[in-house]
Undergrad: 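The structure is given below, and queries will be raised subsequently.
Remember, it's a predicted structure, so these values are computed and weren't measured experimentally. Below, chain A is the first sequence line, B the second, and so on; all start at residue 1.
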Amino acid sequence: MTSRSSFRDVLEDIFLQTLKSRIFTNRDVLSHDYVPEELPHREEQIAKLGSVLAPALKGSKPNNVFIYGLTGTGKTAVTKYVLKRLVSKATEIGVGIDTCYVNTRQDDTTYRVILRLGECIGLKLPFTGISTAEAYRRFIKIADARNTIMIVVLDEIDFLIKKQGDELLYRLTRSGDELKNSKISVIGITNDLKLVEDLDPRVRSSLGEIELVFPPYNAIQLEDILRQRAKLAFYPEAISDDVISLCAALAAREHGDARRALDILRVAGEIAEREGVAKVTTDHVYKALKEIEKDRARELITTMPLHNKLVLLAIYILTKSGEKTTTGEVYSQYRSLCQILGIESVTQRRVSDIISELDMVGLINAQVVSRGRYGKTRIISLAIPYETVVEALKEDIYIAPLLSRYR
DNA sequence: CGTCCACAGGAATGACGGGCGG
DNA sequence: CCGCCCGTCATTCCTGTGGACG
């Protein structure tokens, strides 16, 4: 009874804390999917993309576009913004334009992309069960029946291409042959500048009809962006210029990533709110930076399959006293962990892939080196704080008992 | 200067859970 | 309900390779 009432009090406190908080007026403005009305320092890209897509309003197929730029340079925001404006204009003048945004990091198979494309035009496809070719056929059929200009945005397209190749891209860019009434334009967005080299030359030439480059923001531009958003997100008294400058500077250090800058600012505000103070300080910003890293890592780790966790644990055990390790060492450590748990281990080939996966998401650093006579291997070290690994792995009921053995 | 280590990483193939059309 | 094909994860088998050692 006491626990229940105290629990309610805790909740009550949190609610009241948030309600009486004088930090945020509208926190959503700082979230990822918010598309602002103004995009400072992107006027040039907006104009260019707008002029490329505008022919859709007159019923002709816009050129395909390839957009390059590092993360957080406004590629997605600009694209979504221009499409939003285009669609509202089309509605105004009564022209049919379909748009479909697909992020191929989340939907990284040809099949799932087609699923998404279908969704946008009201076509229901099963999650699994039919062949990719059949799904594509159905999509084309419905798309054609709609008699519209369809603009397909494939964001982070490098993920799709790395996994599935450029088959879908090729078909979409050549879809004119299969469509009688509708037309499909493709906007490909990537942060991998080398990507184009891997493409089929035919895809390259048709997708690269128009190329748009998004340069990184510098610290001053980031400040402008943050200030504009902060005006909408915070009470004026809650935020100060030095906090904004610091967020901008920290994000500029990482190639001018606006998304990161906004994240830092938002989390700093959240921390201030939790602490029940009325003003965000630079101290909150530094705390936010740490928290973001930690949350990201925790999220990644807890959602990994068991064997990935075990490989990570093996790496943790081998590197916790500061030294680096190699694939071979990791594998034997991993094997003995499996033995303790009484489960079967996967092969070294698979562990090699798991190590690549861990490296790709940034949990570890793995670098291929040749040690001459002593072979070629990967030198592996943890890229995140040790206690973050421990905390995240502790949540796994199978792994938790192992952890205490290796303190 | 060739050898050969200790793997990297590609290709083919299989097991499995799941939805499909008939 | 069945046979079929899907995506995913994993295995097996394989060829490739940078550079210290002899």
Undergrad: List the protein contact pattern of nucleotides 12-22 of chain C with one symbol per nucleotide (5' to 3'): B for base contact, S for sugar-phosphate-only contact, - for none; contact means a heavy-atom distance under 4.0 Å.
TA: BB---BBBBS-
Undergrad: Quick one: A/Ile354 CD1 to B/dA8 P, roughly how many Å, whole number?
TA: 12 Å
Undergrad: Between A/Val82 and A/Leu53, does the side-chain contact (heavy atoms from CB on, under 4.5 Å) criterion hold? Intermediate values first, please.
TA: CA-CA 9 Å; A/Val82 173; A/Leu53 297 182; 4.0 Å; yes
Undergrad: Quick one: A/Tyr331 OH to B/dA8 C1', roughly how many Å, whole number?
TA: 15 Å
Undergrad: Do A/Arg116 and A/Tyr111 meet the cation-pi criteria used here (NZ or CZ under 6.0 Å from the six-membered ring centre, within 45° of the axis)?
TA: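 No, A/Arg116 does not sit over the ring of A/Tyr111.
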Undergrad: Tell me the interatomic distance from A/Glu329, atom CD, to B/dC7, atom P, rounded to whole angstroms.
TA: 8 Å
Undergrad: If only side-chain N and O atoms of A/Ser352 are considered, is one of them under 4.0 Å from the OP1 or OP2 phosphate oxygen of B/dA8?
TA: yes
Undergrad: Between the side chain of A/Gln228 and the main-chain N/O of A/Glu38, is any donor-acceptor distance below 3.5 Å?
TA: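 The answer is yes, because a donor-acceptor pair under 3.5 Å joins these two groups.
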Undergrad: Nearest-Å distance, OH (A/Tyr136) to C1' (C/dG7)?
TA: 20 Å
Undergrad: Decide side-chain contact (heavy atoms from CB on, under 4.5 Å) for A/Glu211 and A/Val65; before the verdict, give the C-alpha distance in whole Å, the side-chain angles of both, and the deciding distance to 0.1 Å.
TA: CA-CA 6 Å; A/Glu211 298 191 2; A/Val65 189; over 6 Å; no
Undergrad: Whole-Å distance between B/dG21 P and A/Arg137 CZ?
TA: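 Taking CZ of A/Arg137 and P of B/dG21, I get 11 Å after rounding.
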Undergrad: For A/Tyr68, does the six-membered ring have the charged nitrogen or CZ of A/Lys75 within the cation-pi criterion, i.e. under 6.0 angstrom from the centroid and within 45° of the normal?
TA: no
Undergrad: Is there a side-chain contact (heavy atoms from CB on, under 4.5 Å) between A/Val280 and A/Ile23 once you walk through the steps?
TA: CA-CA 8 Å; A/Val280 183; A/Ile23 297 283; 4.2 Å; yes
Undergrad: Quick one: which of B/dG9, B/dG21, C/dA10 gets closest to the side chain of A/Arg138?
TA: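 Closest of the options to the side chain of A/Arg138: B/dG21.
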Undergrad: Applying side-chain contact (heavy atoms from CB on, under 4.5 Å) to A/Ile184 and A/Leu179, what does each step give before you reach the verdict?
TA: CA-CA 9 Å; A/Ile184 297 180; A/Leu179 294 162; 3.7 Å; yes
Undergrad: Could you check how far CD of A/Gln367 sits from P of B/dA8, rounded to whole Å?
TA: 13 Å
Undergrad: Is the phosphate of B/dA8 approached by A/Arg378 (side-chain N or O, under 4.0 Å from OP1 or OP2)?
TA: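 Checking A/Arg378 against B/dA8: at least one side-chain N or O falls below 4.0 Å of OP1 or OP2.
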Undergrad: In whole angstroms, how far is the P atom of C/dG7 from the CG atom of A/Leu115?
TA: 11 Å
Undergrad: Without decimals, in angstroms, what is the distance between A/Tyr111 OH and B/dC20 P?
TA: 8 Å
